[in-house]
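Data block below; observations after.
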Amino acid sequence: AQAHPALLAPRATPALLEAAAAAGLLEDGAAAALGEAHATLLALALACGLDRRPRLVADGAPLQAARAAIRAAGRALGFS
């Protein structure tokens with residue numbers, strides 16, 4: 001927090017991703033891909049919640065793309 005105080009202000013995931021990119025912690029492309037992954041996962045969860053279905057979704061292309069973006073960002077940050 002002391003090294004990057006701008007990361008303390010955002011309360012929403014998209015704003016936090018933007019702040020992380022602005023602080024140089026994420027590449028712009030990674031921040032955008034993570035933002036898209038977040039939006040995809042949120043939309044899938046909301047679609048289940050709105051009609052009271054369990055939050056289980058088919059492993060289709062949108063979910064696979066979200067996972068790939070998250071995995072790539074993690075690897076770029078040194079996670080395996």
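In terms of hydrophobic clustering, with Ile, Leu, Val, Met, Phe, Trp and Tyr side chains grouped at heavy-atom distances under 4.5 Å, Leu7 and Leu26 are assigned to different clusters. By the rule that hydrophobic residues join a cluster once side-chain heavy atoms approach within less than 4.5 Å of another member, Leu63 and Leu50 end up as members of separate clusters.
Between Cys48 and Val57, the closest side-chain pair of non-hydrogen atoms falls below 4.5 Å. Here the side chains of Arg67 and Asp59 are in contact, with some heavy-atom distance below 4.5 Å.
The two residues Ala19 and Ala6 come nearest to each other via the heavy atoms CB-O, 4.1 Å.
For the atom pair Glu36 CD and Ile70 CD1, the distance stands at 12.0 Å (nearest 0.5 Å).
Screening Leu42, Leu41, Thr40, Leu34 against His38 for a side chain to side chain contact (heavy atoms under 4.5 Å, CB included) leaves a single residue, Leu42.
Within a 6.0 Å radius of CZ in Arg53, more than 12 heavy atoms belonging to other residues, nucleotides or ligands are found.
The backbone N or O of Ala21 lies less than 3.5 Å from no partner atom in the side chain of Glu27, so there is not a single donor-acceptor pair.
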